Amino acid sequence: MSFDIALILDSIPKMLMGIGLTLQLLFLSAALGLTLAIILLLMRISGRWYLAAPTMAYIYIFRGTPILVQIFIIYYGLPQLDFVRDSIFWPILREPFGCAILALTLNTGAYVSEILRGGVLGVDRGLKEAGAALGLSTTHRFIYITTPIAIRLALPAYSNDVISLMKSTALASTITLLDMTGIARTIVAETYAPYEIFMSLMVIYLILTWMIQRSFGWVERCMSRYVREEV
Amino acid sequence: MNDGNSDDIIHLENVNKFFGTFQALKNINLSVRKGERVVVCGPSGSGKSTLIRCINRLEEHNSGTITVNGHELTDDVKNIDAVRREVGMVFQDFNLFPHMTVVKNLMLAPKLVRKSSRSEAYETAMRYLERVKIPEQADKYPSQLSGGQQQRVAIARALCMNPVIMLFDEPTSALDPEMISEVLDVMTDLARDGMTMICVTHEMGFARSVADNVVFMDEGEIVEMNPPKEFFDNPRSERTRLFLSQVLSY
Ligand SMILES: Nc1ncnc2c1ncn2[C@@H]1O[C@H](COP(=O)(O)OP(=O)(O)O)[C@@H](O)[C@H]1O
Ligand SMILES: [Mg+2]
């Protein structure tokens with residue numbers, strides 16, 4: 001099998017034209033998803049069943065179904081509902097970009113809230129008791145003791161989720177968006193060279209993954225400077 | 001002996017505590033006067049921790065009354081807050097906040113609970129670090145200190161809230177032997193200053209030299225309570241004798 005270097009060199013810059021969109025999808029849904037995750041977490045650990053139960057159902061549904069199906073439901077399904085078309089969200093939901101952001105946000109929110117909950121549950125009970133014994137209120141304990149420790153505990157799992165999210169942005173290409181994968185598919189349709197194009201695309205994604213890992217590695221090191229080196 | 005004397009700063013009357021169906025405290029009556037030093041000992045699982053944790057409401061008792069410095073402990077959050085502001089506690093495994101430096105550990109509660117300014121909180125913190133003899137460790141993280149140093153920081157942290165009562169739950173049990181005395185020295189120093197203290201400990205030398213009264217617990221009951229001389233030289237109950245023969249045997 002021949003390997004067309006010229007084609008690769010020609011197509012990489014074209015695919016990189018989509019990196020802006022890929023990164024927009026990533027950063028926007030990561031930020032919105034994190035916000036959603038925090039809200040879900042607070043509801044889940046509120047100790048009130050009428051807040052916790054819907055959260056658990058939500059998390060079960062979004063973690064238990066393929067994200068591709070979720071994207072399709074939002075993009076193809078929602079516009080069929082009158083009240084969606086009449087709502088103030090229609091300008092967003094009409095656009096594939098808005099649909100992709102919504103699907104990625106809802107999905108990552110579900111995963112991240114579970115990751116954060118793992119961090120919160122991992123905080124040593126003795127530390128919260130020490131806070132209570134010092135007279136700190138429940139809220140103060142949560143803000144000053146539980147949260148910073150939980151963040152450090154959750155960070156490795158969270159960085160994995162950001163990488164998953166980055167990979168999921170490729171699904172946006174199924175609803176007409178021209179992110180890097182979308183562009184790659186267009187080039188393949190024109191050149192019939194799936195091997196070269198998709199291999200190059202993989203390399204670009206690997207570089208992005210590497211950069212995300214490095215960034216989180218740096219943050220993790222900063223946050224754990226107080227933990228004795230565990231080698 | 002438990003008729004609610006007005007000198008009592010801590011008063012427990014017929015206190016019972018259950019974990020599920022297991023009864024951890026059985027009909028506890030205990031009075032502690034202001035400035036009194038009480039040592040609590042007894043076998044593992046006898047309810048010592050549960051007893052002192054009920055005094056600052058880390059555990060909720062199921063029946064009976066607990067009154068601490070005039071506040072009765074009920075579901076009322078106001079009373080619980082009031083009691084916790086006046087009662088300091090030191091734990092077996094220190095429980096220092098690992099993400100804060102030593103001085104930040106000491107400043108947190110005064111700032112949040114007492115609304116002290118930064119500089120006030122800092123001055124108080126440094127004063128108590130001097131008192132436990134480790135001011136030079138102020139900017140280190142807890143994980144960088146030895147066990148004995150960490151426990152002294154924990155004591156200083158509790159003192160920064162200016163408590164009228166200090167509770168100690170086996171403060172030296174997690175320490176290497178060579179560090180025990182530095183912590184006991186600090187506690188002895190506190191006792192000399194007239195702090196009201198309840199210490200769960202098996203350091204019988206400390207009990208002998210510092211305690212006004214020694215309490216022996218077994219299976220959730222207070223079996224015996226006497227001044228140290230009486231307690232060690234002339235234990236009343238068979239269970240106390242057996243326990244003492246075990247802890248003093250070597
Ligand atoms: N949170 C808890 N849940 C269930 N049982 C407990 C709990 N805390 C303590 N216990 C039980 O209560 C008894 C007394 O415990 P504790 O007060 O810690 O004893 P000590 O401090 O004397 O070793 C033990 O049998 C222990 O297993
Ligand atoms: Mg104990």
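Letters go in sequence order (proteins before strands), and every chain restarts at 1. Not measured: the values here are computed from a predicted model.
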Do other residues, nucleotides or ligands put more than 12 heavy atoms under 6.0 Å from B:Tyr122 OH? no
For A:Ala130 against B:Phe91, the heavy-atom pair lying closest together: CA-CE1, 3.7 Å
Closest-packed option against chain A by number of heavy-atom pairs under 4.5 Å, given B:Ala109, B:Pro110, B:Pro163, B:Pro98: B:Pro98
With a 4.5 angstrom heavy-atom cut-off, could you sort out which part of A:Ile145 is near chain B: side chain, backbone, both or neither? both
Any side-chain heavy-atom pair of B:Arg53 and A:Glu129 under 4.5 Å: yes
Is it true that atom CZ of B:Phe19 has more than 12 heavy atoms of other residues, nucleotides or ligands lying nearer than 6.0 Å? yes
The reported gap from NZ in B:Lys111 to CG in A:Leu136 (rounded to nearest 0.5 angstrom) is 11.5 Å
B:Arg157 versus chain A, heavy atoms under 4.5 Å apart: side chain, backbone, both or neither? both
So does B:Val113 get a backbone contact from the side chain of A:His140, meaning a donor-acceptor N/O pair under 3.5 Å? no
Do you know which of B:Asp93, B:Leu108, B:Val87, B:Asp81 has the most heavy-atom pairs under 4.5 Å to chain A? B:Leu108
Let me confirm one number: the CZ-NZ distance from B:Phe97 to A:Lys128, rounded to the nearest 0.5 Å. 12.0 Å
Under 4.5 Å from a heavy atom of chain A, the part of B:Ile80 involved: neither
More than 12 non-hydrogen atoms from neighbouring residues, nucleotides or ligands closer than 6.0 Å to OH on B:Tyr141, yes or no? yes
Examine whether an atom of B:Leu112 lies under 4.5 Å from a heavy atom of chain A, and if so say whether it belongs to the side chain, the backbone or both; otherwise answer neither. both
Sub-4.5 Å side-chain heavy-atom contact between B:Arg84 and A:Leu134: no
Determine, stepwise, if the pair A:Leu127 / B:Phe94 fulfils side-chain contact (heavy atoms from CB on, under 4.5 Å). CA-CA 9 Å; A:Leu127 298 178; B:Phe94 329 135; over 6 Å; no
Kindly say whether A:Gly126 contributes a backbone atom to a donor-acceptor pair with the side chain of B:Asn95 at under 3.5 angstrom? yes
